[in-house]
Amino acid sequence: MAAQVFVDTSGWIALVDKSERRHKDVSDAYRKLLTGTQVLVTSDLVLAESHILVRRRLSYSAAETFLESMNTSPSIVIIFMDDSLEQLAKELLKKFRDQELSFTDAASFAIMKARRIHRAVTLDQHFQSAGFKMIP
């Protein structure tokens, strides 16, 4: 099985929005991941967050293109929340109550734990606080 890497909202936004301060770093990391045998994993919640941010920052057309690319790329796997992931996410929210986690962050951690993913393309320090390795 190919290695899996989770991609968070901040990773997608930095990749898509060229005005993002870390755009080049994330773009370089993304290219390296795609040249290997990496499978990029993301979630329906991350896509929802990313879509609205791309639409607000760039345009409706850019947001539409973003969603289309997510659904057509053979390197991207989208995980949809189910009852067990939701329960684990709620437990993680309680565990990390001293942090300002969003439900999407907790759901991302739940997916990463369930799939034994240790690395994430993200600029969100919460991933590191939760014990995951951040890329870039």
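For reference, positions follow the sequence shown, starting with 1. Below, all heavy atoms of this structure are taken into account, side chains as well, without hydrogens, waters or symmetry copies.
Residues satisfying the side-chain hydrogen bond (donor to acceptor under 3.5 Å, both in side chains) test with K95, not counting sequence neighbours, are none. H23 meets the side-chain hydrogen bond (donor to acceptor under 3.5 Å, both in side chains) test with S27; sequence neighbours excluded. Listed by chain and residue number, D82 satisfy the side-chain hydrogen bond (donor to acceptor under 3.5 Å, both in side chains) test with S84 (two or more places apart in sequence, or in another chain). With sequence neighbours left out, the side-chain hydrogen bond (donor to acceptor under 3.5 Å, both in side chains) criterion links T122 to D8, S10.
Within the model, atoms NZ of K18 and NZ of K24 stand 13.0 Å from one another, a figure rounded to the nearest 0.5 Å. To the nearest 0.5 Å, atom CZ of residue R21 and atom CG of residue L123 are 7.5 Å apart. Interatomic distance, D28 CG to R22 CZ, rounded to the nearest 0.5 Å: 11.0 Å.
With contacts defined as side-chain heavy-atom distances shorter than 4.5 Å, the pair I13/V54 qualifies. Using a 4.5 Å heavy-atom threshold, the side chains of E49 and S102 count as touching. In this structure, F109 and H126 have side chains that are in contact, with non-hydrogen atoms separated by less than 4.5 Å. Looking at S108 and F6, their side chains come closer than 4.5 Å, going by heavy atoms from C-beta outward.
Side chain of R115 to backbone of M112: no donor-acceptor contact under 3.5 angstrom is found.
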Only distances under 3.5 Å count here; give the side-chain donor-acceptor pairs of residues 64-81 to other protein atoms, sequence neighbours excluded, each with its distance to 0.1 Å.
{"from": "T65", "atom 1": "OG1", "to": "S61", "atom 2": "O", "distance (Å)": "3.0"}
{"from": "S69", "atom 1": "OG", "to": "T65", "atom 2": "O", "distance (Å)": "3.4"}
{"from": "S69", "atom 1": "OG", "to": "F66", "atom 2": "O", "distance (Å)": "2.7"}
{"from": "N71", "atom 1": "ND2", "to": "L67", "atom 2": "O", "distance (Å)": "3.1"}
{"from": "T72", "atom 1": "OG1", "to": "E68", "atom 2": "O", "distance (Å)": "3.0"}
{"from": "S73", "atom 1": "OG", "to": "S75", "atom 2": "N", "distance (Å)": "3.2"}

List the atom pairs, with distances to 0.1 Å, where a side-chain N or O of residues 33-43 and a protein N or O form a donor-acceptor pair under 3.5 Å, not counting sequence neighbours.
{"from": "T35", "atom 1": "OG1", "to": "R31", "atom 2": "O", "distance (Å)": "3.4"}
{"from": "T35", "atom 1": "OG1", "to": "K32", "atom 2": "O", "distance (Å)": "2.9"}
{"from": "Q38", "atom 1": "OE1", "to": "R119", "atom 2": "NH2", "distance (Å)": "2.7"}
{"from": "T42", "atom 1": "OG1", "to": "V7", "atom 2": "O", "distance (Å)": "2.9"}
{"from": "T42", "atom 1": "OG1", "to": "W12", "atom 2": "NE1", "distance (Å)": "3.1"}
{"from": "S43", "atom 1": "OG", "to": "L45", "atom 2": "N", "distance (Å)": "3.3"}
{"from": "S43", "atom 1": "OG", "to": "V46", "atom 2": "N", "distance (Å)": "3.0"}

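Using bins of under 30°, 30° to 60° and over 60° for the plane-to-plane angle, the ring pair Y60/H51 lands in the perpendicular bin.
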